[in-house]
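First up is the structure itself, then whatever we jot down about it.
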Amino acid sequence: MKYTQLGRTGLKVSRLVLGTMNFGPQTDEAESHTIMDAAQQAGINFFDTANVYGWGANKGRTEEIVGSWFAKGGARRDKTVLATKLYANMAPDDGKVWPNHDKLSALNIRRSVDASLKRLGTDYIDLYQFHHVDRDTPWDEIWQAMDVLVQQGKILYVGSSNHAGWHIARANETAARRGSYGLVSEQCLYNLAERRAEMEVIPAAEGYGLGVIPWSPLHGGLLGGALRKEREGGAARSGAGRSADSLANSTIRAQIQSYEDLLDKHGLEPGEVALAWLLTRPGVTGPIVGPRTADQLASALRAVELTLPDELLAALDEIFPGPGPSPEAFAW
């Protein structure tokens, strides 16, 4: 496994981030433990979760599964850089949304961190992330609450997710004015098929010293050999969600066909190339991989050792051209 610093911090993390969103809803507790053991044995030390994972009536279940894995001992917690998130309301989807039980008020931050710590069975969180932008709460209030958690030893670093470039700038300018450390990471949607983050989010992250943690690196399975799996009649994720919607578009379908044909010529696996490409991108700490099985984890691990030649990188840019830098991308 290869490692890098998380943004401007002294924290050293693996170039792959183990995403746990499938633990509970799609992967049972025993298999989830097997995957986490395999990931740690392979050198992955950066695990990402969220208080809302488990979904529906089972919100919080994923954190509980991670916590039960920590409880097995063997220095599992000590070897893990643990990231979780807050923002969403934790009531069941059909339950009543009570005031102050979501978003980023000081009250909900205090309530949410204590609940996550209990579910995770730990006394601190390495990276506490805002799952979304709270347009109603001032950044001064948010940083006051976060500074208290740092002082209490409940969290070490703060990150964002799904924030625009100007949100990152405003957050860290407010933090600097207060003498707070500010955001150290941004978790955003970024992959070969979705490169809009290159316009402003990634430049803002680089400018303020945030590590970029891409989520959905295979774009919901679209970049993982979706057309091949479709032809083979397998139970691919291309049958539903973002991938299916994309493949219904003839232009995107032709683009994915060109992508898969290119990689067939090179004898490479689409999903592994999609991950390896992200590892070449400026500012990227590591993509989040969310394996449902140990085999999927093994495939992701191979991407870390994959070197993409310049010729292939240029061909990928031709198939999936980025938007270009801001403001040129939209100003002229």
Is Arg292 close enough and on-axis enough to Phe23, meaning under 6.0 Å and within 45°, for cation-pi? no
Quick check: do Ser299 and Leu301 have side-chain heavy atoms less than 4.5 Å from each other? no
Suppose we call two aromatic rings close when their centres sit under 6.0 Å apart. Are Trp166 and Tyr208 close by that rule? no
To the nearest 0.5 Å, atom CG of Asn162 lies from atom CD of Gln187 at 7.5 Å
Between Thr34 and Ala30 (side chain of the first, backbone of the second, donor and acceptor by atom type, cut-off under 3.5 Å), is there such a pair? yes
Under 4.5 Å between side-chain heavy atoms, counting indirect links through other Ile/Leu/Val/Met/Phe/Trp/Tyr residues: same cluster for Leu127 and Tyr181 or not? yes
Is there a side-chain contact between Pro282 and Glu206 in this structure, where contact means two heavy atoms from C-beta onward sitting under 4.5 Å apart? yes
Please determine whether the number of non-hydrogen atoms from other residues, nucleotides or ligands lying under 6.0 Å from atom CZ of Arg170 exceeds 12. no
Can Thr293 and Glu31 be counted as having a side-chain donor-acceptor contact under 3.5 angstrom? no
Can you measure from CD1 (Ile142) to OG1 (Thr174) and round to the nearest 0.5 angstrom? 9.0 Å
Between Phe47 and Trp69, is the ring-ring contact (aromatic ring centres under 6.0 Å, His included) condition met? List the steps. CA-CA 12 Å; Phe47 288 18; Trp69 181 72; 5.4 Å; yes
Would you check, one step at a time, whether the test side chain to side chain donor-acceptor pair (under 3.5 Å) holds for Thr84 with Gln129? CA-CA 6 Å; Thr84 193; Gln129 302 162 108; over 6 Å; no
Could you tell me whether Arg76 sits above the aromatic face of Phe70, with NZ or CZ closer than 6.0 angstrom to the six-membered ring centre and within 45 degrees of the axis? no
Does a salt bridge link Lys59 with Glu64, judged by any charged N lying under 4.0 Å from a carboxylate O? no
Are any side-chain N or O atoms of Asn249 and backbone N or O atoms of Ile252, one a donor and one an acceptor, separated by less than 3.5 Å? yes
Can you name the ring pair (Phe, Tyr, Trp, His ring centres under 6.0 Å) partners of Tyr87, sequence neighbours left out? His132
Test salt bridge (Lys or Arg N to Asp or Glu O under 4.0 Å) on Glu269 and Arg302; report intermediate values, then the result. CA-CA 10 Å; Glu269 291 295 321; Arg302 288 192 292 271; over 6 Å; no
Assess whether atom CZ of Arg196 is packed by more than 12 heavy atoms of other residues, nucleotides or ligands within 6.0 Å. no
Verify, without hydrogens or angle tests, whether Asn191 (side chain) and Glu194 (backbone) share a donor-acceptor contact under 3.5 angstrom. yes
What are the two closest non-hydrogen atoms of Gly221 and Ser243, and how far apart are they? C-OG, 4.0 Å
Would you confirm whether the ring centroid of Trp139 sits within less than 6.0 angstrom of the ring centroid of Phe130? yes
Verdict with reasoning, Glu63 to Thr49, per side chain to side chain donor-acceptor pair (under 3.5 Å): CA-CA 7 Å; Glu63 284 189 332; Thr49 190; 5.2 Å; no
Kindly work out whether a path of hydrophobic side-chain contacts (I/L/V/M/F/W/Y, heavy atoms less than 4.5 Å apart) joins Val284 to Leu192. yes
Is there side-chain contact between Thr285 and Val212, with at least one heavy-atom pair below 4.5 Å? no
Determine, using the 4.5 Å side-chain heavy-atom cutoff (strictly less than), whether Tyr124 and Tyr128 are members of one ILVMFWY cluster. no
Side chains of Gln257 and Asp261: do they bring a donor and an acceptor to under 3.5 Å? yes
Taken to the nearest 0.5 Å, the spacing of Ser258 OG from Leu316 CG works out to 11.5 Å
Going by side chain to side chain donor-acceptor pair (under 3.5 Å), name the pairs with one or both residues in residues 309-322, residues two or more places apart or in two chains. Arg195-Asp317
Heavy atoms of Trp143 and Ser180 approach each other most closely as CB-OG, 4.2 Å
Between Lys154 and Asp123, is there a side-chain N and carboxylate O pair less than 4.0 Å apart? no
Return the OG to CG distance between Ser246 and Leu222, rounded to the nearest 0.5 Å. 5.0 Å
Closest heavy-atom pair, Leu279 versus Pro287, reported as atoms and distance to 0.1 Å, is CD2-CD, 3.7 Å
For the pair Ser14 and Asn45, evaluate side chain to side chain donor-acceptor pair (under 3.5 Å) and give the outcome as yes or no after the intermediate values. CA-CA 6 Å; Ser14 50; Asn45 74 335; 3.2 Å; yes
On a heavy-atom basis, the closest approach of Leu18 and Ile35 is CD1-CG2, 4.2 Å
Please step through salt bridge (Lys or Arg N to Asp or Glu O under 4.0 Å) for the pair Glu173 and Arg178, ending with a clear verdict. CA-CA 9 Å; Glu173 291 298 331; Arg178 294 178 49 84; over 6 Å; no
Residues Tyr190 and Ala197: closest non-hydrogen pair is CD1-CB, 4.3 Å
Can a side-chain donor-acceptor contact be found between His33 and Ser68 if the only test is distance below 3.5 angstrom? yes
When every non-hydrogen atom of Glu186 is compared with those of Ser160, the smallest separation belongs to OE1-OG, 2.5 Å
Evaluate the ring planes of Tyr53 and His131, with Trp represented by its six-membered ring, and classify them as parallel (under 30°), tilted (30 to 60°) or perpendicular (over 60°). perpendicular
Go through it in stages, so that I can follow the logic: the residues are Glu230 and Arg253, the test is salt bridge (Lys or Arg N to Asp or Glu O under 4.0 Å), and I'd like the CA-CA distance, side-chain angles, deciding distance and then a yes or no. CA-CA 12 Å; Glu230 184 182 76; Arg253 191 178 187 89; 2.3 Å; yes
Assigning hydrophobic clusters by single linkage (Ile, Leu, Val, Met, Phe, Trp, Tyr; side-chain heavy-atom cutoff under 4.5 Å), is Phe320 placed with Leu263? yes
Give the C-alpha distance, both sets of side-chain angles, the deciding distance and a yes or no for side chain to side chain donor-acceptor pair (under 3.5 Å) between Asn22 and Thr27. CA-CA 6 Å; Asn22 291 318; Thr27 307; 5.6 Å; no
Main chain of Asp134, side chain of Thr137: is a donor-acceptor contact present, judged purely on distance under 3.5 Å? no
Not counting sequence neighbours, list each pair that qualifies as a salt bridge (charged side-chain N to carboxylate O under 4.0 Å, His left out) and has a residue in residues 43-58. Asp48-Lys85
If hydrophobic clusters are built from ILVMFWY residues whose side chains come within less than 4.5 Å, do Tyr259 and Leu278 share one? yes
Between the side chains of Glu305 and Arg15, is the shortest nitrogen-to-carboxylate-oxygen separation below 4.0 Å, so that they form an ion pair? no
Above 12 or not: heavy atoms from other molecules or residues under 6.0 Å from CZ of Arg110? no
For the NZ atom on Lys72, are there more than 12 heavy atoms of other groups (residues, nucleotides or ligands in this structure) within a distance under 6.0 Å? yes
Rounded to the nearest 0.5 Å, what separation is found between the OG1 atom of Thr122 and the CZ atom of Arg77? 4.0 Å
Test item: Ser185 and Leu6 side chains (from C-beta on) under 4.5 Å apart, heavy atoms: yes
Does a side-chain heavy-atom distance below 4.5 Å link Val13 with Tyr3? no
Looking at OG of Ser116 and CZ of Arg111, how far apart are the two atoms once the value is rounded to the nearest 0.5 Å? 12.5 Å
Ser105 versus Glu141, side-chain donor and acceptor atoms under 3.5 Å: no
Test: Glu260 and Lys265 ion pair at under 4.0 Å: no
